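One-based numbering, in listed order, for ligands and for the atoms of each. For clarity, every value in this text was computed on a predicted model and none was experimentally measured. All residue numbers in this chain count up from 1 along the given sequence.
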Amino acid sequence: MSTPRFYVTTAIAYPNGRPHMGHAYEAIATDVIARFKRLDGFDVRFLTGTDEHGLKIDQAARAAGKAPKAYVDEMVAPFQALDDALGISYSRFIRTTDADHKALVQALWQRMAANGDLYLGRYEGWYSVRDEAYYDEAELVTGEDGAKLSPQGTPVEWTVEESWFFRLSRYQQPLLDLYDSQPGFIQPTSRFNEMRAFVAGGLSDLSVSRTSFSWGIKVPGDERHVMYVWLDALANYLTGAGGLDGEWWPADLHVVGKDVVRFHTVYWPAFLMSAGVALPKAVFGHGFLLNRGEKMSKSLGNVVDPAEMATRFGVDRLRWFLCREVAFGDDGSYSDEAIVERTNADLANGIGNLAQRSLSMVAKNLNGMMPQRGEPGETEVRLKEAFLAGTDAYFAAMNGLALHKALDALMGMVTAANGYFAENAPWALAKTDTARMAEVLAATLDATRRIVLLAQPFIPDSTNRLLDQLGVAADARDFSALNSPVEAGLELPSPAGVFPRITIEA
Ligand code: MSP
(Lines give C-alpha, C1' and ligand atoms only; values in the text may rest on other atoms or scores of the structure.)
Protein backbone atom coordinates (compact mmCIF):
# COMPACT_ATOMS: atom_id res chain seq x y z
CA MET A 1 0.00 0.00 0.00
CA SER A 2 1.33 3.42 -0.87
CA THR A 3 1.78 6.00 1.87
CA PRO A 4 -1.19 8.40 2.03
CA ARG A 5 -0.30 12.03 1.37
CA PHE A 6 -1.31 15.30 2.97
CA TYR A 7 -0.62 18.77 1.59
CA VAL A 8 -1.20 21.63 4.04
CA THR A 9 -0.51 25.36 3.75
CA THR A 10 -0.61 28.57 5.78
CA ALA A 11 -1.54 31.94 4.30
CA ILE A 12 1.54 33.77 3.05
CA ALA A 13 2.33 36.90 5.03
CA TYR A 14 2.85 40.43 3.73
CA PRO A 15 6.42 41.32 4.66
CA ASN A 16 5.71 45.04 5.06
CA GLY A 17 6.46 44.96 8.78
CA ARG A 18 7.86 42.58 11.33
CA PRO A 19 6.07 39.29 12.02
CA HIS A 20 3.61 39.48 14.92
CA MET A 21 1.85 36.99 17.20
CA GLY A 22 -0.92 36.41 14.64
CA HIS A 23 1.67 35.08 12.19
CA ALA A 24 3.25 32.92 14.89
CA TYR A 25 -0.14 31.53 15.87
CA GLU A 26 -1.08 30.50 12.35
CA ALA A 27 2.35 28.94 11.74
CA ILE A 28 2.22 26.99 15.02
CA ALA A 29 -1.33 25.69 14.56
CA THR A 30 -0.55 24.56 11.01
CA ASP A 31 2.70 22.97 12.14
CA VAL A 32 0.80 21.00 14.80
CA ILE A 33 -1.49 19.63 12.08
CA ALA A 34 1.46 18.79 9.80
CA ARG A 35 3.32 17.00 12.60
CA PHE A 36 0.18 15.12 13.64
CA LYS A 37 -0.29 13.84 10.09
CA ARG A 38 3.36 12.76 9.81
CA LEU A 39 3.16 10.83 13.08
CA ASP A 40 -0.09 9.30 11.84
CA GLY A 41 1.68 7.80 8.82
CA PHE A 42 1.12 10.44 6.13
CA ASP A 43 3.71 11.76 3.72
CA VAL A 44 3.25 15.49 4.40
CA ARG A 45 4.05 18.57 2.35
CA PHE A 46 3.80 21.80 4.33
CA LEU A 47 4.00 25.13 2.52
CA THR A 48 4.43 28.59 4.04
CA GLY A 49 5.97 31.84 2.83
CA THR A 50 5.54 35.50 1.94
CA ASP A 51 3.27 37.57 -0.32
CA GLU A 52 5.60 40.14 -1.84
CA HIS A 53 3.91 41.99 -4.71
CA GLY A 54 1.22 44.65 -4.92
CA LEU A 55 0.55 48.23 -3.97
CA LYS A 56 0.91 47.77 -0.22
CA ILE A 57 4.47 46.44 -0.52
CA ASP A 58 5.28 48.98 -3.25
CA GLN A 59 4.20 51.84 -0.97
CA ALA A 60 6.07 50.42 2.04
CA ALA A 61 9.25 50.09 -0.04
CA ARG A 62 8.93 53.68 -1.24
CA ALA A 63 8.42 54.88 2.32
CA ALA A 64 11.63 53.05 3.26
CA GLY A 65 13.42 54.61 0.30
CA LYS A 66 14.18 51.21 -1.23
CA ALA A 67 13.52 49.42 -4.49
CA PRO A 68 10.72 46.88 -3.86
CA LYS A 69 12.82 43.77 -4.45
CA ALA A 70 15.65 44.99 -2.21
CA TYR A 71 13.03 45.91 0.39
CA VAL A 72 11.35 42.48 0.47
CA ASP A 73 14.68 40.66 0.43
CA GLU A 74 15.45 42.42 3.68
CA MET A 75 11.98 42.12 5.24
CA VAL A 76 11.52 38.40 4.62
CA ALA A 77 14.46 37.37 6.82
CA PRO A 78 12.66 37.82 10.18
CA PHE A 79 9.70 35.74 8.93
CA GLN A 80 12.00 32.86 8.04
CA ALA A 81 13.92 33.27 11.28
CA LEU A 82 10.66 33.18 13.27
CA ASP A 83 9.49 29.98 11.59
CA ASP A 84 12.83 28.37 12.31
CA ALA A 85 12.82 29.56 15.92
CA LEU A 86 9.30 28.17 16.47
CA GLY A 87 10.20 24.74 15.09
CA ILE A 88 7.90 25.12 12.07
CA SER A 89 8.50 22.00 9.99
CA TYR A 90 7.75 23.49 6.56
CA SER A 91 8.78 21.75 3.35
CA ARG A 92 9.22 24.99 1.43
CA PHE A 93 9.21 28.67 2.29
CA ILE A 94 7.79 30.17 -0.87
CA ARG A 95 8.23 33.78 -1.91
CA THR A 96 5.93 35.15 -4.62
CA THR A 97 9.00 36.73 -6.19
CA ASP A 98 10.42 33.22 -6.85
CA ALA A 99 10.92 32.55 -10.57
CA ASP A 100 8.87 29.33 -10.70
CA HIS A 101 5.96 31.14 -9.08
CA LYS A 102 5.93 33.97 -11.63
CA ALA A 103 5.87 31.46 -14.50
CA LEU A 104 3.06 29.49 -12.83
CA VAL A 105 0.87 32.57 -12.34
CA GLN A 106 1.23 33.55 -15.99
CA ALA A 107 0.31 30.03 -17.09
CA LEU A 108 -2.72 30.11 -14.80
CA TRP A 109 -3.78 33.44 -16.31
CA GLN A 110 -3.51 32.00 -19.82
CA ARG A 111 -5.72 29.08 -18.91
CA MET A 112 -8.36 31.43 -17.48
CA ALA A 113 -8.12 33.58 -20.62
CA ALA A 114 -8.45 30.53 -22.87
CA ASN A 115 -11.68 29.73 -21.07
CA GLY A 116 -13.07 33.16 -22.01
CA ASP A 117 -13.13 34.41 -18.42
CA LEU A 118 -10.91 37.50 -18.77
CA TYR A 119 -11.89 40.73 -20.53
CA LEU A 120 -10.52 44.27 -20.67
CA GLY A 121 -12.62 46.99 -19.03
CA ARG A 122 -12.43 49.93 -16.69
CA TYR A 123 -12.56 49.67 -12.89
CA GLU A 124 -14.31 52.40 -10.99
CA GLY A 125 -14.77 51.75 -7.32
CA TRP A 126 -13.33 51.50 -3.83
CA TYR A 127 -10.00 49.88 -3.01
CA SER A 128 -8.30 49.27 0.32
CA VAL A 129 -4.52 49.10 -0.01
CA ARG A 130 -4.21 47.64 3.46
CA ASP A 131 -6.55 44.75 2.66
CA GLU A 132 -5.51 44.71 -1.03
CA ALA A 133 -9.24 44.35 -1.70
CA TYR A 134 -12.02 45.89 -3.78
CA TYR A 135 -15.28 46.74 -2.02
CA ASP A 136 -18.79 47.63 -3.15
CA GLU A 137 -20.25 50.86 -1.84
CA ALA A 138 -22.81 48.86 0.17
CA GLU A 139 -20.07 47.02 2.08
CA LEU A 140 -18.40 50.19 3.40
CA VAL A 141 -18.80 51.49 6.94
CA THR A 142 -18.38 55.02 8.27
CA GLY A 143 -15.47 55.79 10.58
CA GLU A 144 -15.54 58.12 13.62
CA ASP A 145 -14.46 61.11 11.54
CA GLY A 146 -17.07 60.35 8.86
CA ALA A 147 -14.53 58.78 6.49
CA LYS A 148 -15.53 55.71 4.51
CA LEU A 149 -13.82 52.53 5.68
CA SER A 150 -13.70 48.93 4.49
CA PRO A 151 -15.66 46.34 6.52
CA GLN A 152 -12.30 45.55 8.19
CA GLY A 153 -12.01 49.20 9.25
CA THR A 154 -9.18 50.11 6.86
CA PRO A 155 -9.11 53.27 4.67
CA VAL A 156 -10.45 52.99 1.12
CA GLU A 157 -9.69 55.10 -1.92
CA TRP A 158 -11.73 55.75 -5.06
CA THR A 159 -9.90 54.07 -7.94
CA VAL A 160 -10.49 54.53 -11.63
CA GLU A 161 -8.33 52.63 -14.08
CA GLU A 162 -8.23 50.35 -17.06
CA SER A 163 -8.30 46.80 -15.80
CA TRP A 164 -8.66 43.21 -16.85
CA PHE A 165 -11.74 41.60 -15.30
CA PHE A 166 -12.42 38.04 -14.30
CA ARG A 167 -15.96 36.78 -14.94
CA LEU A 168 -16.56 35.89 -11.31
CA SER A 169 -20.33 36.32 -11.85
CA ARG A 170 -20.30 33.14 -13.96
CA TYR A 171 -19.19 31.14 -10.92
CA GLN A 172 -21.95 32.00 -8.47
CA GLN A 173 -23.92 28.81 -9.08
CA PRO A 174 -20.88 26.51 -9.35
CA LEU A 175 -19.63 27.92 -6.01
CA LEU A 176 -23.00 27.38 -4.32
CA ASP A 177 -23.03 23.83 -5.71
CA LEU A 178 -19.53 23.30 -4.35
CA TYR A 179 -20.49 24.48 -0.85
CA ASP A 180 -23.64 22.38 -0.80
CA SER A 181 -22.04 19.21 -2.07
CA GLN A 182 -18.91 19.58 0.07
CA PRO A 183 -19.81 21.33 3.33
CA GLY A 184 -16.35 20.58 4.77
CA PHE A 185 -14.85 22.87 2.11
CA ILE A 186 -15.24 25.85 4.47
CA GLN A 187 -14.58 25.26 8.18
CA PRO A 188 -15.64 25.93 10.86
CA THR A 189 -19.39 26.05 10.19
CA SER A 190 -19.78 29.70 11.20
CA ARG A 191 -17.47 30.72 8.33
CA PHE A 192 -19.28 28.38 5.97
CA ASN A 193 -22.58 30.12 6.65
CA GLU A 194 -21.07 33.57 6.24
CA MET A 195 -19.48 32.75 2.88
CA ARG A 196 -22.48 30.92 1.52
CA ALA A 197 -24.67 33.94 2.29
CA PHE A 198 -22.13 36.27 0.67
CA VAL A 199 -22.11 34.28 -2.57
CA ALA A 200 -25.88 33.75 -2.54
CA GLY A 201 -26.18 37.56 -2.41
CA GLY A 202 -24.68 37.80 -5.92
CA LEU A 203 -21.18 38.17 -7.35
CA SER A 204 -19.87 40.91 -9.64
CA ASP A 205 -16.93 40.43 -11.95
CA LEU A 206 -13.58 41.03 -10.30
CA SER A 207 -10.86 43.45 -11.33
CA VAL A 208 -7.69 41.36 -11.67
CA SER A 209 -5.06 43.75 -12.99
CA ARG A 210 -3.69 47.24 -12.34
CA THR A 211 -1.83 49.80 -14.46
CA SER A 212 -1.07 52.55 -11.94
CA PHE A 213 2.00 50.77 -10.50
CA SER A 214 4.32 48.10 -11.78
CA TRP A 215 5.36 45.99 -8.75
CA GLY A 216 3.71 42.72 -9.69
CA ILE A 217 3.61 39.88 -12.18
CA LYS A 218 2.99 41.11 -15.71
CA VAL A 219 -0.17 40.14 -17.56
CA PRO A 220 0.87 37.90 -20.47
CA GLY A 221 0.32 39.76 -23.74
CA ASP A 222 -0.50 43.09 -22.06
CA GLU A 223 2.57 44.20 -20.18
CA ARG A 224 1.14 47.58 -19.15
CA HIS A 225 -0.79 45.59 -16.56
CA VAL A 226 0.38 43.79 -13.45
CA MET A 227 -1.84 41.14 -11.93
CA TYR A 228 -4.05 41.74 -8.92
CA VAL A 229 -1.95 40.69 -5.94
CA TRP A 230 -4.53 38.18 -4.64
CA LEU A 231 -4.57 36.24 -7.91
CA ASP A 232 -0.77 36.13 -7.71
CA ALA A 233 -0.76 35.26 -3.98
CA LEU A 234 -3.39 32.50 -4.01
CA ALA A 235 -1.56 30.74 -6.83
CA ASN A 236 1.39 30.17 -4.47
CA TYR A 237 -0.38 27.02 -3.31
CA LEU A 238 -0.15 25.59 -6.83
CA THR A 239 3.48 26.62 -7.27
CA GLY A 240 4.25 24.91 -3.98
CA ALA A 241 2.49 21.76 -5.19
CA GLY A 242 4.84 21.55 -8.16
CA GLY A 243 2.89 23.59 -10.73
CA LEU A 244 -0.43 23.46 -12.61
CA ASP A 245 -0.29 19.70 -12.77
CA GLY A 246 1.83 19.47 -9.65
CA GLU A 247 2.20 16.12 -7.92
CA TRP A 248 1.00 17.49 -4.57
CA TRP A 249 -2.14 19.15 -5.90
CA PRO A 250 -4.94 19.35 -4.78
CA ALA A 251 -4.16 20.70 -1.33
CA ASP A 252 -5.85 18.89 1.53
CA LEU A 253 -6.06 21.94 3.74
CA HIS A 254 -5.46 25.70 3.59
CA VAL A 255 -5.19 27.18 7.09
CA VAL A 256 -5.92 30.93 7.01
CA GLY A 257 -7.19 33.71 9.27
CA LYS A 258 -10.87 34.68 9.30
CA ASP A 259 -10.18 37.98 7.50
CA VAL A 260 -8.98 36.22 4.36
CA VAL A 261 -11.52 33.39 4.17
CA ARG A 262 -13.42 35.18 1.39
CA PHE A 263 -10.39 35.20 -0.91
CA HIS A 264 -9.78 31.51 -0.28
CA THR A 265 -13.33 30.20 -0.53
CA VAL A 266 -14.81 32.44 -3.25
CA TYR A 267 -12.10 33.84 -5.54
CA TRP A 268 -9.65 30.92 -5.29
CA PRO A 269 -12.04 28.09 -6.22
CA ALA A 270 -13.53 30.28 -8.99
CA PHE A 271 -10.05 30.92 -10.48
CA LEU A 272 -9.32 27.21 -10.34
CA MET A 273 -12.63 26.20 -11.90
CA SER A 274 -11.95 28.67 -14.68
CA ALA A 275 -8.49 27.21 -15.29
CA GLY A 276 -9.79 23.65 -15.14
CA VAL A 277 -7.69 22.80 -12.10
CA ALA A 278 -8.92 20.59 -9.22
CA LEU A 279 -10.08 22.37 -6.06
CA PRO A 280 -8.47 22.20 -2.62
CA LYS A 281 -10.35 19.91 -0.24
CA ALA A 282 -10.80 22.31 2.68
CA VAL A 283 -10.15 25.82 3.96
CA PHE A 284 -10.06 26.35 7.72
CA GLY A 285 -10.55 29.93 8.95
CA HIS A 286 -8.99 30.38 12.39
CA GLY A 287 -9.81 33.26 14.69
CA PHE A 288 -7.75 36.28 15.67
CA LEU A 289 -5.32 36.43 18.50
CA LEU A 290 -5.78 39.39 20.79
CA ASN A 291 -3.40 40.90 23.35
CA ARG A 292 -5.34 40.90 26.65
CA GLY A 293 -8.55 41.03 24.67
CA GLU A 294 -7.45 43.96 22.52
CA LYS A 295 -6.59 44.04 18.86
CA MET A 296 -2.83 44.27 18.38
CA SER A 297 -1.89 47.51 16.72
CA LYS A 298 1.06 49.82 16.49
CA SER A 299 -1.04 52.75 17.72
CA LEU A 300 -2.08 50.88 20.88
CA GLY A 301 1.57 49.98 21.45
CA ASN A 302 0.65 46.38 22.30
CA VAL A 303 2.39 44.56 19.46
CA VAL A 304 4.74 41.98 20.93
CA ASP A 305 7.56 40.25 19.11
CA PRO A 306 6.77 36.52 18.95
CA ALA A 307 10.46 35.59 18.74
CA GLU A 308 11.02 37.43 21.99
CA MET A 309 8.03 35.62 23.57
CA ALA A 310 9.44 32.28 22.46
CA THR A 311 12.81 33.11 23.99
CA ARG A 312 11.26 34.31 27.23
CA PHE A 313 8.82 31.44 27.81
CA GLY A 314 10.37 28.69 25.69
CA VAL A 315 9.04 27.63 22.30
CA ASP A 316 7.07 24.65 23.59
CA ARG A 317 5.33 26.65 26.30
CA LEU A 318 4.20 29.19 23.71
CA ARG A 319 3.04 26.46 21.31
CA TRP A 320 1.19 24.64 24.08
CA PHE A 321 -0.49 27.77 25.39
CA LEU A 322 -1.75 28.93 21.99
CA CYS A 323 -3.24 25.55 21.08
CA ARG A 324 -4.69 24.83 24.51
CA GLU A 325 -6.07 28.20 25.47
CA VAL A 326 -7.56 29.27 22.13
CA ALA A 327 -10.44 27.20 20.74
CA PHE A 328 -9.23 26.64 17.18
CA GLY A 329 -11.56 28.67 14.97
CA ASP A 330 -12.45 31.25 17.65
CA ASP A 331 -10.65 34.42 18.65
CA GLY A 332 -8.40 34.10 21.67
CA SER A 333 -6.39 36.21 24.02
CA TYR A 334 -2.91 35.94 25.48
CA SER A 335 -1.09 37.59 28.34
CA ASP A 336 2.10 36.78 30.23
CA GLU A 337 0.08 35.76 33.30
CA ALA A 338 -2.14 33.40 31.32
CA ILE A 339 0.87 31.73 29.68
CA VAL A 340 2.61 31.22 33.02
CA GLU A 341 -0.50 29.90 34.75
CA ARG A 342 -1.54 27.56 31.95
CA THR A 343 1.86 26.04 31.31
CA ASN A 344 2.68 25.63 35.01
CA ALA A 345 -0.63 23.82 35.51
CA ASP A 346 -0.49 21.56 32.45
CA LEU A 347 3.20 21.07 31.78
CA ALA A 348 4.97 21.45 35.14
CA ASN A 349 2.27 20.05 37.46
CA GLY A 350 0.61 17.77 34.91
CA ILE A 351 2.84 16.00 32.41
CA GLY A 352 6.17 16.99 33.98
CA ASN A 353 5.20 15.85 37.45
CA LEU A 354 3.88 12.53 36.19
CA ALA A 355 7.08 11.78 34.26
CA GLN A 356 9.40 13.08 36.94
CA ARG A 357 7.84 11.16 39.84
CA SER A 358 7.70 7.81 38.09
CA LEU A 359 11.10 8.08 36.40
CA SER A 360 12.90 9.15 39.55
CA MET A 361 11.38 6.25 41.51
CA VAL A 362 12.56 3.84 38.83
CA ALA A 363 16.05 5.36 38.97
CA LYS A 364 16.16 5.20 42.75
CA ASN A 365 14.43 1.90 43.48
CA LEU A 366 14.94 -0.20 40.36
CA ASN A 367 18.42 0.79 39.17
CA GLY A 368 16.90 2.66 36.25
CA MET A 369 15.54 -0.54 34.73
CA MET A 370 12.11 -0.47 33.02
CA PRO A 371 9.90 -2.70 35.24
CA GLN A 372 7.68 -5.57 34.14
CA ARG A 373 3.88 -5.09 33.82
CA GLY A 374 1.84 -7.19 36.26
CA GLU A 375 -1.58 -8.81 36.03
CA PRO A 376 -4.00 -5.87 35.70
CA GLY A 377 -6.04 -5.21 38.85
CA GLU A 378 -9.07 -2.98 39.21
CA THR A 379 -7.12 0.30 39.11
CA GLU A 380 -5.16 -0.79 36.02
CA VAL A 381 -8.40 -1.67 34.23
CA ARG A 382 -9.84 1.76 35.05
CA LEU A 383 -6.66 3.45 33.85
CA LYS A 384 -6.69 1.48 30.63
CA GLU A 385 -10.32 2.38 29.97
CA ALA A 386 -9.62 6.06 30.55
CA PHE A 387 -6.73 5.83 28.11
CA LEU A 388 -8.69 4.05 25.39
CA ALA A 389 -11.45 6.67 25.58
CA GLY A 390 -8.92 9.53 25.82
CA THR A 391 -6.95 8.31 22.81
CA ASP A 392 -10.12 7.97 20.73
CA ALA A 393 -11.21 11.48 21.73
CA TYR A 394 -7.75 12.82 20.88
CA PHE A 395 -7.75 11.32 17.37
CA ALA A 396 -11.34 12.38 16.67
CA ALA A 397 -10.52 15.95 17.74
CA MET A 398 -7.27 16.13 15.74
CA ASN A 399 -8.89 14.74 12.62
CA GLY A 400 -11.65 17.33 13.05
CA LEU A 401 -9.07 20.12 13.53
CA ALA A 402 -10.31 20.80 17.09
CA LEU A 403 -6.76 21.15 18.42
CA HIS A 404 -7.93 22.48 21.80
CA LYS A 405 -10.25 19.50 22.26
CA ALA A 406 -7.40 17.12 21.55
CA LEU A 407 -5.47 18.78 24.37
CA ASP A 408 -8.51 18.51 26.65
CA ALA A 409 -8.55 14.79 25.96
CA LEU A 410 -4.82 14.56 26.59
CA MET A 411 -5.08 16.43 29.89
CA GLY A 412 -7.87 14.05 30.91
CA MET A 413 -5.37 11.23 30.45
CA VAL A 414 -2.78 13.10 32.50
CA THR A 415 -5.28 13.48 35.34
CA ALA A 416 -6.19 9.79 35.15
CA ALA A 417 -2.53 8.74 35.25
CA ASN A 418 -1.64 11.07 38.12
CA GLY A 419 -4.74 9.78 39.94
CA TYR A 420 -3.65 6.17 39.40
CA PHE A 421 -0.20 6.95 40.77
CA ALA A 422 -1.57 8.72 43.85
CA GLU A 423 -4.14 5.99 44.53
CA ASN A 424 -1.55 3.19 44.37
CA ALA A 425 1.10 5.15 46.29
CA PRO A 426 4.20 3.33 44.98
CA TRP A 427 6.40 5.28 47.43
CA ALA A 428 4.61 3.43 50.27
CA LEU A 429 4.82 0.12 48.39
CA ALA A 430 8.60 0.62 48.25
CA LYS A 431 8.62 -0.31 51.94
CA THR A 432 5.98 -3.04 51.90
CA ASP A 433 5.71 -4.74 48.52
CA THR A 434 8.42 -3.96 45.97
CA ALA A 435 6.98 -6.33 43.36
CA ARG A 436 3.69 -4.45 43.36
CA MET A 437 5.58 -1.14 43.40
CA ALA A 438 7.37 -2.20 40.21
CA GLU A 439 4.04 -3.05 38.56
CA VAL A 440 2.57 0.33 39.46
CA LEU A 441 5.64 2.11 38.11
CA ALA A 442 5.48 0.07 34.90
CA ALA A 443 1.82 1.00 34.38
CA THR A 444 2.56 4.67 35.12
CA LEU A 445 5.51 4.76 32.72
CA ASP A 446 3.41 3.16 30.02
CA ALA A 447 0.70 5.79 30.54
CA THR A 448 3.33 8.54 30.50
CA ARG A 449 4.82 7.23 27.28
CA ARG A 450 1.39 7.29 25.60
CA ILE A 451 0.72 10.84 26.74
CA VAL A 452 4.12 12.01 25.54
CA LEU A 453 3.72 10.31 22.15
CA LEU A 454 0.40 12.10 21.64
CA ALA A 455 1.79 15.45 22.83
CA GLN A 456 4.53 15.42 20.16
CA PRO A 457 2.80 17.62 17.54
CA PHE A 458 2.31 20.36 20.12
CA ILE A 459 5.60 20.34 22.05
CA PRO A 460 8.10 18.59 19.80
CA ASP A 461 11.29 19.52 21.59
CA SER A 462 10.20 18.63 25.15
CA THR A 463 8.56 15.39 24.05
CA ASN A 464 11.75 14.34 22.29
CA ARG A 465 13.66 14.82 25.53
CA LEU A 466 11.02 12.92 27.50
CA LEU A 467 10.95 10.05 25.02
CA ASP A 468 14.74 9.81 25.38
CA GLN A 469 14.24 9.44 29.12
CA LEU A 470 11.50 6.87 28.58
CA GLY A 471 13.83 4.78 26.43
CA VAL A 472 11.76 5.13 23.22
CA ALA A 473 14.08 4.85 20.20
CA ALA A 474 14.28 7.99 18.07
CA ASP A 475 13.08 6.12 14.98
CA ALA A 476 10.10 4.51 16.76
CA ARG A 477 8.12 7.54 17.86
CA ASP A 478 5.28 7.65 15.37
CA PHE A 479 1.77 6.72 16.45
CA SER A 480 2.27 3.05 15.66
CA ALA A 481 4.27 2.99 18.92
CA LEU A 482 0.88 3.25 20.67
CA ASN A 483 0.14 -0.31 19.60
CA SER A 484 3.07 -1.87 21.36
CA PRO A 485 3.83 -2.08 25.09
CA VAL A 486 7.06 -0.85 26.67
CA GLU A 487 9.92 -3.28 26.75
CA ALA A 488 10.67 -4.46 30.29
CA GLY A 489 14.33 -4.58 31.27
CA LEU A 490 15.23 -1.55 29.18
CA GLU A 491 17.89 0.56 30.82
CA LEU A 492 16.68 4.12 31.23
CA PRO A 493 18.96 7.16 31.32
CA SER A 494 18.92 9.18 34.52
CA PRO A 495 15.87 11.44 34.56
CA ALA A 496 16.02 15.23 34.38
CA GLY A 497 13.08 17.63 34.71
CA VAL A 498 11.82 18.94 31.39
CA PHE A 499 9.20 21.46 32.53
CA PRO A 500 10.43 23.58 35.42
CA ARG A 501 7.80 25.89 36.91
CA ILE A 502 8.13 29.45 35.69
CA THR A 503 7.26 32.83 37.19
CA ILE A 504 6.73 36.22 35.60
CA GLU A 505 9.92 38.25 35.66
CA ALA A 506 9.47 41.67 37.16
N1 MSP B 1 -0.87 38.16 2.28
C2 MSP B 1 -2.18 37.88 2.74
C3 MSP B 1 -2.50 36.40 2.65
C4 MSP B 1 -2.33 35.80 1.29
S5 MSP B 1 -2.67 34.08 1.29
C6 MSP B 1 -2.66 33.65 -0.33
C7 MSP B 1 -2.31 38.33 4.20
N8 MSP B 1 -1.16 38.54 4.87
S9 MSP B 1 -1.09 39.00 6.40
O10 MSP B 1 0.32 39.10 6.70
O11 MSP B 1 -1.89 40.15 6.61
O12 MSP B 1 -1.73 37.84 7.24
C13 MSP B 1 -1.19 36.53 7.16
C14 MSP B 1 -2.06 35.57 7.98
O15 MSP B 1 -2.02 35.96 9.35
C16 MSP B 1 -3.53 35.61 7.55
O17 MSP B 1 -4.07 34.30 7.56
C18 MSP B 1 -4.16 36.43 8.63
O19 MSP B 1 -5.51 36.14 8.85
C20 MSP B 1 -3.33 36.03 9.83
N21 MSP B 1 -3.41 37.02 10.89
C22 MSP B 1 -3.11 38.35 10.83
N23 MSP B 1 -3.35 38.91 12.05
C24 MSP B 1 -3.79 37.97 12.91
C25 MSP B 1 -4.11 37.92 14.28
N26 MSP B 1 -4.10 38.99 15.04
N27 MSP B 1 -4.43 36.71 14.80
C28 MSP B 1 -4.40 35.56 14.08
N29 MSP B 1 -4.11 35.56 12.79
C30 MSP B 1 -3.91 36.77 12.16
O31 MSP B 1 -3.42 38.45 4.67
Quick one: which ligand 1 atoms are inside 4.0 Å of a heavy atom on [X]?
| X | answer |
| --- | --- |
| Asp51 | 1 (N), 2 (C), 4 (C) |
| Val256 | 17 (O) |
| Gly287 | 28 (C) |
| Ala13 | 8 (N), 10 (O) |
| Ala233 | 6 (C) |
| His264 | 5 (S), 6 (C) |

Regarding [atom]: of the candidates [options], which has the closest heavy atom?
| atom | options | answer |
| --- | --- | --- |
| atom 9 (S) of ligand 1 | Tyr14, Phe79, Tyr267 | Tyr14 |
| atom 30 (C) of ligand 1 | Tyr25, Trp230, Phe288 | Phe288 |
| atom 22 (C) of ligand 1 | Lys56, His20, Met21 | His20 |

Evaluate the ring planes of [X] and [Y], with Trp represented by its six-membered ring, and classify them as parallel (under 30°), tilted (30 to 60°) or perpendicular (over 60°).
| X | Y | value |
| --- | --- | --- |
| Tyr7 | Trp249 | perpendicular |
| His23 | His20 | parallel |
| Phe328 | Phe284 | parallel |

Tell me yes or no: between the side chains of [X] and [Y], is some donor less than 3.5 Å from an acceptor?
| X | Y | result |
| --- | --- | --- |
| Thr211 | His225 | no |
| Asp131 | Ser150 | yes |
| Asn236 | Thr96 | no |
| Ser89 | Arg38 | yes |
| Thr154 | Ser128 | yes |

Regarding ligand 1, does [X] bring an N or O atom to under 3.5 Å of one of the ligand's N or O atoms?
| X | result |
| --- | --- |
| His23 | yes |
| Gly257 | yes |
| Ile12 | yes |
| Lys258 | no |

For [atom], grab the closest protein heavy atom and report residue, atom and distance to one decimal in Å.
| atom | result |
| --- | --- |
| atom 14 (C) of ligand 1 | Glu26 OE1, 3.4 Å |
| atom 6 (C) of ligand 1 | Tyr237 OH, 3.5 Å |
| atom 19 (O) of ligand 1 | Asp259 OD1, 2.5 Å |
| atom 27 (N) of ligand 1 | Leu289 N, 2.9 Å |
| atom 31 (O) of ligand 1 | Val260 CG1, 3.5 Å |

Can we say [X] and [Y] salt-bridge, meaning some charged N sits less than 4.0 Å from an Asp/Glu carboxylate O?
| X | Y | value |
| --- | --- | --- |
| Asp408 | Arg324 | yes |
| Arg224 | Glu162 | yes |
| Glu139 | Arg262 | yes |

The test is ring pair (Phe, Tyr, Trp, His ring centres under 6.0 Å); show your working for Tyr123 and Tyr134 and say whether it passes.
CA-CA 10 Å; Tyr123 181 75; Tyr134 301 94; 4.7 Å; yes
Yes or no: does His286 have any heavy atom under 4.0 Å from an atom of ligand 1?
yes
